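Notes follow once the structure below has been shown.
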2 protein chains.
Amino acid sequence: MARADEAQPASAALKSRPRGSYAKSAVTRSAILDAALEVFAEGGFRSGSLREVAMRVGMSDAGLLHHFSSKSKLLAAVLDRRDELGQQFVPLEPDDGAEVLRGLIALARFNASEPGVVELYSTLSAEATSPDHPAHEYFVGRYQMVRARVGAAFVDLEDRGLLRPHVSPAFATRATIAMMDGLQVQWLLDRSSVDMQADLRTFLDGLTTVEL
Amino acid sequence: MARADEAQPASAALKSRPRGSYAKSAVTRSAILDAALEVFAEGGFRSGSLREVAMRVGMSDAGLLHHFSSKSKLLAAVLDRRDELGQQFVPLEPDDGAEVLRGLIALARFNASEPGVVELYSTLSAEATSPDHPAHEYFVGRYQMVRARVGAAFVDLEDRGLLRPHVSPAFATRATIAMMDGLQVQWLLDRSSVDMQADLRTFLDGLTTVEL
DNA sequence: GTCTATACATCGATAGAC
DNA sequence: GTCTATCGATGTATAGAC
């Protein structure tokens, strides 16, 4: 899970670098990011403290700030790393729109196995509504990207006559994203009574005629 | 909009109480609640400060605490007051389920005119996911109540054969609530491109055959 | 790379004067 | 009913020893 943030390929670097000081740093950074995700997920960015993150990873807050120079930088790093993992579910250049929808369902299943990540995004996306929030731009851009990708998928399905009557691509896009976000909130408040994956599939079944 | 929180009927008290000191208090409390709603909406409960609330209403933080003995009490008062306003849209004992759905649409339109309230609930419901949040119990109970009311409406419609094929009342309930919550987040991030009322109506049209 | 020590702001809340 | 003054806790961030 360690990342090669120091801009050297992990495999090659392990041999050539002196006494593995960079390797240690990378491991530490990764541990910090894990802890930070937990802390920001539990209380949001504003109420989560650097001290709490540092404590969980077993160092002082000053030590933590050696790796991430500010709290906002730390948040950005957490979001970046989760995006790498999450984006692999939705294909960037799908052969047909149905693949994207299947990717969303797979993403919902994956999310159900990582409550911390869901908590992070639900809390932050609400918190980051304020324009002065350090993650505001990130979330605005993220929604644009998601809307573009899902939108293209529904347009493709419409072209091929696979949307049910009276379903427009634009509405289907907004509604699908809203459904995923809304199900997450309910799931967080009562995990046992909400199956995000199943409900999303049922919902998409009502919009299209493709096999999911 | 003043509330009779001092446990005296407002009308009777106005005559008998000496020199209207209580009336002043009620006005002040109301002003505080307005400011608190704004502050909590912008940054959530944890990052919104009593000082900020006090500043907006033009007094010191100590002065504010004379009216609301703690920050949590203030939050509870804010939520109570908004509930009084919001709950009037969804009938408590509807003649038929369609009335409830029409109430939800009316509520969505009303919400679109009060961004602060939407921001408050979106931010808080995510923040209050944590069990130790002072509003956690409130939101758990609120979702139970909403689910019960909306659920009863869809059961009624099913009994009368007004649900579309393959739509179960339980799914329709979860999905409708998710749709409302999810649309709010998108609307907050980009108000001009989302019409909560229209999208909700379109969505409900896909679930039932009643005239909305 | 991590620590201690420290600076400095802001928070919720209390005590007591007016 | 509102104020000033103050407390103790907690927050981010910096400087410099090790």
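Atoms considered below: every heavy atom in the structure, side chains included; atoms not considered: hydrogens, waters and symmetry mates. The sequence lines fix the lettering, A, B, ..., with proteins before strands; numbering per chain opens at 1. Predicted, not measured: the structure shown is a model, and the values here were computed from it.
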### Query
Going by the angle between their ring planes, with limits at 30° and 60°, are A:F89 and A:F110 parallel, tilted or perpendicular?
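Correct class here is tilted.
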Just the rounded figure in Å: distance from [atom2] of [N] to [atom1] of [X].
X     : N      : atom1 : atom2 : result
A:F68 : D:dT14 : CZ    : P     : 16 Å
A:H67 : C:dG1  : NE2   : C1'   : 6 Å
A:L74 : D:dG11 : CG    : C1'   : 15 Å

Do [X] and [Y] sit within salt-bridge range, that is, some charged N less than 4.0 Å from a carboxylate O?
X      : Y     : value
B:E42  : B:R56 : yes
B:R81  : B:D34 : yes
B:E119 : B:R82 : no

### Task
Just compare D:dC3, D:dG1, C:dC3 and give me whichever is closest to any side-chain atom of B:M59.
D:dC3
### Task
When you get a sec, tell me which of C:dC3, C:dT2, D:dT4 is the closest nucleotide to the side chain of A:H66?
C:dT2
### Task
List in chain and number order the residues that pass side-chain contact (heavy atoms from CB on, under 4.5 Å) with A:A36, two or more places apart in sequence or in another chain; answer none if no residue qualifies.
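A:A36 satisfies side-chain contact (heavy atoms from CB on, under 4.5 Å) with A:F40, A:V53, A:L74, A:V78 once adjacent residues are dropped.
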### Query
For A:N111 and A:S113, does a side-chain donor sit closer than 3.5 Å to a side-chain acceptor?
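Side-chain D/A pair, A:N111 to A:S113: absent.
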#### Entry: Summary of protein contacts for nucleotides 10-17 of chain C, nucleotide by nucleotide, where a base hit scores B, a sugar-phosphate-only hit scores S (4.0 Å, heavy atoms)
-BBBBB--
